[in-house]
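This report refers to the structure that appears directly beneath it.
Proteins get letters first, then strands, A, B, ... in listed order; numbering begins at 1 in each.
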There are 2 protein chains.
Amino acid sequence: MAQKVKLSTIAEALGLSTATVSLALRDSPLVAEATRERIKEEARQSGYIYNRRAASLRTSKSGIVGVCVHDIMNPFYGEILKSIEDELDRHRQTFILCNHYDDLAKQRAFLDTLLQLGADGLILSPAIGTPASDIHLAETNDLPVTLIARTVEGSGVTSFRGDDTYGMSLVVRHLIEEGHRKIALIGGTEQTSTGRDRQRGYQNALEEAGLPVRPEWWIKGPRSRHSGFDAASAFLDLPDRPDAVVCFSDLVALGLMYGLSRAGLRPGVDIAVCGYDDIDEAAIAMPPLTTVSNGQSEVGHRAAGALLARLSGAPAVEQVELIKPELRIRRSSFLKHTGSEPPQS
Amino acid sequence: MAQKVKLSTIAEALGLSTATVSLALRDSPLVAEATRERIKEEARQSGYIYNRRAASLRTSKSGIVGVCVHDIMNPFYGEILKSIEDELDRHRQTFILCNHYDDLAKQRAFLDTLLQLGADGLILSPAIGTPASDIHLAETNDLPVTLIARTVEGSGVTSFRGDDTYGMSLVVRHLIEEGHRKIALIGGTEQTSTGRDRQRGYQNALEEAGLPVRPEWWIKGPRSRHSGFDAASAFLDLPDRPDAVVCFSDLVALGLMYGLSRAGLRPGVDIAVCGYDDIDEAAIAMPPLTTVSNGQSEVGHRAAGALLARLSGAPAVEQVELIKPELRIRRSSFLKHTGSEPPQS
DNA sequence: CTGAAAGCGCTTACAG
DNA sequence: CTGAAAGCGCTTACAG
């Protein structure tokens, strides 16, 4: 390639100083209108490319925000990411995405990279077992952190998530109102705050209705479509098999419905199935899936907003911001011979 | 936070020069073993963070690779990205992800960002209408590009994609062998090489079998699960309605199957449906989806490999590397009363 | 095996 | 309104 064009190249071509050129390109009012235009024109003509590394070295602002979640392919995170992207784009922050797949070492490597790049902030859905010290490391090195979806005790920072306990209790109450007495919970784990909170909501709703909580009716683990599918056989083998199921997530529910159908059990006819998250697919699934809207885009927007506030100097506060979920009743939670009419959708 | 630790902090603490410290931290054999250990220990103790911006300014290598696709949430790209991630991780390259949503301006903004950050390379699935000049801009500014999934004529660089024409002809031939004579094509667009090539494969197979190609049987547009779902009603309204459908992608097929079921038509019983890509979900779907494995992970690995080769000095070559697709026959492509037995899966 | 010095390309006070 | 100079934190020849 030709000789690299830099500020000084432009300055020389125009008989100006690099200081003036630098100011002009950033629209400083200190530079006369006419000069500014000449400079910009010259920059365009010469194919000048702004060197952010150099600028960043000088200013110690990089314009980079890291976003790290369990798996960006999961549509639940997808919707959160989309709203984060919106918000960050508007503030001309570049964002770097990373999957940690709940691997602490991978998450830590990403954190180190951000630190080395001098990133301005981090939005993190912490991997299972994330120590508060990892968050402190970031904060200590001028990298403000905002958490989403999960919480880390003692982290000293704010996290945004749905009110999982409340949300799960909504679905379970709905099933109870529809006359179900035997309700299984499929998926999730005690190792995440999400898993624990959703289980608590399930348990609360049952206890509230005076129904027993049978531990063997919680099939732990599944968190993906595929594992939901695999869980169908475990469910079918359950002692005193329930005729209603609430799943840890929509993905699990959709996979489970595939699995149940394959075994000849028809969701929404022979068995009631509910999900959690209200991803796009839930409304068009067959049968349409009863679920809980988890406010993903609100989580994303607010988390990004909070991080941007931190970037402009707001102090860190350890608190949990709970977004209120809403029940979405669809056909999958009804049986053929239930008294209630399933909604048309 | 405390005073920032830099190379010179360590050098002073140990009575050495920054040159020695710099070399030691990068394991240079020029530094005596003992000195190297002392330096590394001090770096650890003091919480030293390597400043990549500074290093990169000096060396003009950033360790950053950009990856930009239509939509990372699409499982088709998901599988490609996962294999790219593998490959880049192994070479300790940080990667920055971006969705362009087929918006040229967004893609261009990302390109500019990479240029400004001094990224080392770019793996791109070009947005519809990408001008060759955008690729040239990157290449001219020392940013090697490798294309995936789509091609840009005159770009001067290599692209890796499945052999879409061949792959699509495989599915259509399969349907023809099963006795179908009226086969619709749903989804895709003439505006992408993928859309054009898959349509050509569809057309080739029909012509080969002496079947007419009816333009009204191509429902253009759908490329997502939701639009596949919406396409069901357009399909149902088709003149002289076909009893077999091949879709542009698995996502479209899965959405379409939801839509058809809702209208009371049972895929794999009343109507044959095929997808394209063989995403994970295809095998567990209800009914299991006949599709074409598109070699996503091979595309990802080879594209990443080719980019890494470029980074170590390999020259750019304009060529298209076609990955050979494979037919995956499952239940969705059979009708209840067809002669053949659907496979057990 | 180690050090002194220059330089990567910006921005930021400070002068004028 | 514009310019001269220092400095961000590294790495890289070059000496010794």
Tell me: [atom1] of [X] to [atom2] of [N], nearest whole Å?
X      : N       : atom1 : atom2 : value
E12(A) : dG9(C)  : CD    : P     : 12 Å
L57(B) : dC10(C) : CG    : P     : 9 Å
I39(A) : dC1(D)  : CD1   : P     : 13 Å
L14(B) : dG3(C)  : CG    : P     : 10 Å
I49(B) : dC8(D)  : CD1   : P     : 18 Å
R38(B) : dT2(C)  : CZ    : C1'   : 12 Å
L7(A)  : dA4(D)  : CG    : C1'   : 15 Å
R36(B) : dT2(C)  : CZ    : C1'   : 14 Å

Starting the side chain at C-beta, find the nucleotide from [options] nearest to [X].
X      : options                 : value
A32(B) : dG9(C), dT2(D), dC1(C)  : dC1(C)
S17(A) : dG3(D), dT11(D), dC8(D) : dG3(D)
L16(A) : dG9(D), dC10(C), dG3(D) : dG3(D)

Sidechain-backbone polar pair: [X] side chain, [Y] backbone, donor-acceptor under 3.5 Å:
X       : Y       : result
D103(A) : A105(A) : yes
Q107(B) : A127(B) : yes
N99(B)  : I72(B)  : yes
Q191(B) : G129(B) : no

(message) Under 3.5 Å, is there a donor on one side chain and an acceptor on the other for T194(A) and R161(A)?
(response)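 No, R161(A) and T194(A) have no side-chain donor paired with an acceptor closer than 3.5 Å.
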(message) With no hydrogens and no angle check, just 3.5 Å: does a side-chain donor-acceptor pair link T94(B) and R52(B)?
(response)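 T94(B) vs R52(B): donor-acceptor pair found between side chains.
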Counting the atoms with a prime plus P, OP1 and OP2 as sugar-phosphate, which does [X] contact under 4.0 Å by heavy atoms, base, sugar-phosphate, or nothing?
X       : result
G118(B) : nothing
S60(A)  : nothing
S8(A)   : nothing

(message) Please convert DNA chain D into dot-bracket. A pair counts if it is Watson-Crick or G-U wobble with both distances under 3.5 Å; crossing pairs go in [ ] and bases paired with another strand get |.
(response) |||.||||||||.|||
(message) Strictly below 4.0 Å: does T20(B) bring a side-chain N or O up to OP1 or OP2 of dT2(C)?
(response)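 Negative; the distance criterion is not met.
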Quick one: does [X]'s side chain get under 4.5 Å of [Y]'s, heavy atoms only?
X       : Y       : value
Q93(B)  : L311(B) : yes
N294(A) : F76(A)  : yes
I64(B)  : I96(A)  : no

Dump the pairs, protein N or O against N or O of nucleotides 12-15 of chain C, anything under 3.5 Å, distances to one decimal.
from	atom 1	to	atom 2	distance (Å)
dT12(C)	O4'	R58(A)	NH2	3.1

(message) Atom CZ of residue position R92(A) - does it have more than 12 heavy atoms of other residues, nucleotides or ligands inside 6.0 Å?
(response)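 No.
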